[in-house]
Amino acid sequence: MQPGLQPNAPKPRIDPDQIPSPIAVHDNDQNLFNSNIFMTMSKDMPPLSNTRYRAVDEGNCNPRFMRSTLYNIPTSDDVAKLSSIPLGLIVQPLADLDPQEAPLSVVDFGKPGPCRCSRCNAYVNPFFRFLDGGRRFMCNICQHTNEVSADYFSNLDMNGRRVDINERPELKFGSCEFAVYDQYCARPAVPLSYLFVIDVSWNAIQTGMLATFASSIKHYLYSGAFRWPEGALVGFITFDKSLHFYNLNPALEQFQMMVVADMEDVFAPMQHGLCVDPLKARSNIEQFLDALPTMFSNSRVTEAALGSAMQAAFDALKPTGGRVSFFQTSLPTFGLGVLKNREDVKILGTDKEKALYEPQEYFWKKLGQDCASHGIGVDSYLFASSYTDVATVGVLSALTGGETNMYGSFDANRHGVKFANDLHRTLSRTYGYDGLLRVRVSTGLKVAEYFGNIFMKNATDVEVAGMDSLKAIGVGLQYDGKLDERADVYVQAAFLYTTAEGQRRVRVHNLSLGIASQQANIFRKAEMDTVIGFLTRATIQEAFTTPLKTLRERLTQRCVKILTAYRQHCAASSSPGQLILPESLKLLPLYTLAVLKSRALRGGKMVPSDQRVYTMRLLNSLGIAEHANYLYPRFYNISIHDPTVGVMNEHGLLQLPPLLRCSAARLSPSGIYLAENGRHLFLWIGAAASQDLIRDLFGVEQLGQIDSRSNHLPTRDNEYSKQVSIVIEYLRSIRYRFMQLNIVRQGMDPQNEQRFGQLLIEDSNLDNQSYVDYLCDIHRSIQKGMSK
């Protein structure tokens, strides 16, 4: 049994119940928005990212699309430095709205395109001020006065507003989409081409990956459970030591395979028939997918030429852009971009480890940049049981805004359901490709840097080969002048992209922020989730040049500086021995500790470089809600009988079991608990758990009879079993990724118990202190800073 899992551990000298609790903070926020709609032009702070809320767009964009670390921007750089709070944004351009929220309007100005400022190119928005009877407008970003074109002219009412404002979504709402045409296209806008590049070597067959892929993609295409974008195409390339291309032209009676054996000078041997309409070519595609699991069953080839296959995929999609998903089961040791196993346990946890975060072969970085420049997004599915070199092969996804999924020691019987669900969910998300993101800010501020899995050719535009609804980008801001406290700061994020159906769009999000000179007003409007999300991204950005030990120290020091600034400027009269935290940032120490405990920054030699790089890139791309849930998991006590659990409450939300803090001290050997962090789901059963509950859940009499290898609960006809199943399915439905169930029996499943223990963020584990001890150290550092 893991030390971190000892229930009912001795209480520390400080009562953990008296220190800031994320459960209390989130409960209070949820209770507030259970009965209140968030109006985006109100002066109130937006809901916390994990609160279930409904927003009404009144001119500021929905916070699902864009959040700021501060909603009162300091008047100058000097004032900002006093607080030490980072000044930045997290932008999630394609975020999903709540079903009760109005969808974005699509505005079509025709061939000329949308109205824009002639100086800074900002798009028309609710904060443009119309003058001179409607004949001119002042840009809110650069203050330039522009002429209004004749076809966009409208008279003004007595309040200076256009009389047609209710018919103009771009003037009424903080977010909208503009339909655009040729002048916004580097290449013709066409429906998306999906190309699946699949490893068919011996490893892929033996693990069951190949068969699982074939059945999963067939189900996705033809079960009717998923919506395929109208006009989108699909194609397949398989590879081992050769490349295999498939002509799926519906005019053929059956599919045809073409083999390319030269792995150094690869090419796509067909221009027509590789990517086809899945409805028109259904017969050939189904025939191909049915044959795929056995087509290479006699193969004993263990090498896989992934680099050559991806080069061919790039060549095939280069004219149009598109989306590539590759499936790889071993280190690429043949063809282009051959890699070697460079993992060295001796350098893990040392200053030299950062060399493992960079691609070892330039071929992969160059191919990723080429894909990014030609609008080709890449998703990675990695199944190797040993070193994969995520830093190198995963750079294709990192540079193109793609998804990376890792399945260590993949076994189709145990992991097939998760793989299939991951594939389905990834393909089902809102997706845009061949994109460009530009963030503009009003006079006095400027965009200094971008953080995320992105590629930039210049300092202003982010090239987005592909982006789905879950991906977010950090934006760092700097001052280039002083701000007027009587005015507002304006931010506009414009994302030019092509939809999966082939429509060229510009999605625009606008945000106005207040300005303050007093530190109390600045701290009052700090947004916790965005602050920690921004700091995480900024820290990861430095990992390629700075030792992790230094980064961990800097992150803690930043936390101390922020809290010391609050103490000095907002609570100086309080007793020095008392820990005073700003209400808006009282969870900052806990979330900072959670980042330190993540695989991205954790110390020691126990984190393989593949896992570290994977987690770095994951945290670099997550939206704020998913990031917050990942840092601090949710623990539910399901051993207490409550007939209201699993039933919709008066607010339309499912009643969940009681939440617990993430500490072994909260677990009882007689209890049963669910724990999840948005990616993993655990069912922990105490050694002394009720036999009645075990019987109701599993149909067995004793803990030892439970099959902990199973990833689902048996179907049982009793109230408790149905209640737990409803809760599990609900949690899966509200999380963005599929969470496979892991059963953990206390003291009997050491591997799963160790993984479960890593979710106990408040305990002393993962090469870091407990929450209580870390908070005490933070307090001492604040006192030291106050005495200077």
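Please read all numbers here as calculations on a predicted model, not as lab measurements.
For the pair R162 and Y152, the cation sits on the ring face: its NZ or CZ lies under 6.0 Å from the ring centre, inside 45° of the axis.
Ring orientation note: the planes of F38 and F33 are nearly perpendicular, at an angle over 60° on the 30°/60° scale.
A salt bridge links R187 to D434: at least one charged side-chain nitrogen sits closer than 4.0 Å to a carboxylate oxygen. With respect to the salt-bridge test (charged N to carboxylate O, under 4.0 angstrom), the residues K471 and D468 qualify.
A side-chain donor-acceptor contact under 3.5 Å links Q183 to the backbone of K111. Here the side chain of S223 pairs no donor or acceptor atom with the backbone of Y220 at under 3.5 angstrom. Not a single donor-acceptor pair under 3.5 Å links the side chain of T75 to the backbone N or O of E485. A distance-only check finds no donor-acceptor pair linking the side chain of N62 to the backbone of A55 [under 3.5 Å]. With hydrogens and angles disregarded, no donor-acceptor distance shorter than 3.5 Å links the side chain of S428 to the backbone of R425. Panel note: side chain R507, backbone P93; a donor-acceptor pair is recorded below 3.5 Å. Within the 3.5 Å criterion, the main-chain N or O of Q492 finds no donor-acceptor partner in the side chain of N510. Under a 3.5 Å cut-off, the side chain of T400 and the backbone N or O of V378 do form a donor-acceptor pair. Side-chain atoms of Y450 never come within 3.5 Å of backbone atoms of V462 as a donor-acceptor pair (strictly under, hydrogens ignored). In this structure, the side chain of N649 engages the main chain of G652 through a donor-acceptor pair within 3.5 Å.
Every residue meeting the side-chain contact (heavy atoms from CB on, under 4.5 Å) condition with S175, not counting sequence neighbours, appears here in chain and number order: D57, C61, F65, L104, H509. Among residues two or more places apart in sequence or in another chain, the salt bridge (Lys or Arg N to Asp or Glu O under 4.0 Å) test is passed with E542 by R554. Applying the salt bridge (Lys or Arg N to Asp or Glu O under 4.0 Å) test to R737 and every residue at least two apart in sequence or in another chain returns E403, E626. Remark: Q518 pairs with N521 by the side-chain contact (heavy atoms from CB on, under 4.5 Å) rule, at least two apart or across chains. F738 meets the ring-ring contact (aromatic ring centres under 6.0 Å, His included) test with no other residue; sequence neighbours excluded. Residues that satisfy the ring-ring contact (aromatic ring centres under 6.0 Å, His included) test with Y71, not counting sequence neighbours, are absent from this structure. Legend: residues meeting side-chain contact (heavy atoms from CB on, under 4.5 Å) with A520, ordered by chain and number and at least two apart, are R524, C570. A search for ring-ring contact (aromatic ring centres under 6.0 Å, His included) contacts involving Y497 returns F495, not counting sequence neighbours. Taking E170 as the reference, R168 meet the salt bridge (Lys or Arg N to Asp or Glu O under 4.0 Å) condition, with sequence neighbours excluded. F128 meets the ring-ring contact (aromatic ring centres under 6.0 Å, His included) test with F137; sequence neighbours excluded. For R116, the salt bridge (Lys or Arg N to Asp or Glu O under 4.0 Å) test picks out no residue, with sequence neighbours left out. Residues passing the side-chain contact (heavy atoms from CB on, under 4.5 Å) test with D27, sequence neighbours excluded: I23.
Checked by atom type, the side-chain pair D29/T51 shows a donor-acceptor distance below 3.5 Å.
Residues V447 and T460 fail the side-chain proximity criterion, which asks for heavy atoms closer than 4.5 Å. A heavy-atom distance below 4.5 Å is not found between the side chains of L622 and T536. Looking at L131 and M138, their side chains come closer than 4.5 Å, going by heavy atoms from C-beta outward. The shortest side-chain heavy-atom distance between S397 and N453 does not fall under the 4.5 Å cut-off. Contact annotation: the side chain of C117 never approaches that of I141 to less than 4.5 Å [non-hydrogen atoms, C-beta and beyond]. Between S373 and E463 there is a side-chain heavy-atom pair separated by less than 4.5 Å. The shortest distance between side-chain heavy atoms of Q92 and R64 does not fall below 4.5 Å. Residues Y566 and S584 have side chains not in contact (no heavy-atom distance under 4.5 Å, counting atoms from C-beta outward).
Atoms OH and CG, from Y53 and N36 in turn, are 14.5 Å apart once rounded to the nearest 0.5 Å. In this structure, I85 CD1 and Q519 CD are separated by 7.5 Å, a value rounded to the nearest 0.5 Å.
When all heavy atoms are compared, the tightest approach of L587 to M528 is C-SD, 3.9 Å. L233 and D277 make their closest contact through CD2-N, 3.6 Å (heavy atoms, listed as atom of the first residue, atom of the second, distance). Taking every heavy atom of both residues into account, F451 and G476 meet most closely at CE1-N, 4.2 Å. The nearest pair of heavy atoms linking P46 to E527 is CG-CG, 4.4 Å. Residues C275 and L317 come closest through the heavy atom pair SG-CD2, 4.4 Å. Residue A179 comes nearest to R505 through the heavy atom pair CA-CD, 4.2 Å, listed as atom of the first residue, atom of the second, then distance.
The number of heavy-atom neighbours closer than 6.0 Å to CD of E58, taken from other residues, nucleotides and ligands shown, is above 12. For CD of Q271, the number of neighbouring non-hydrogen atoms (other residues, nucleotides, ligands) closer than 6.0 Å is 12 at most. Within 6.0 Å of the CZ atom in R438, the count of heavy atoms belonging to other residues, nucleotides or ligands exceeds 12.
With V491 as the fixed residue, the side chain to side chain contact (heavy atoms under 4.5 Å, CB included) test singles out one of V475, N140, V439: V439.
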Let's go through S76 and D78 carefully: what are the C-alpha distance in whole Å and the side-chain angles of both, what is the deciding distance for side chain to side chain donor-acceptor pair (under 3.5 Å) to 0.1 Å, and is it a yes or a no? CA-CA 5 Å; S76 68; D78 290 338; 5.0 Å; no

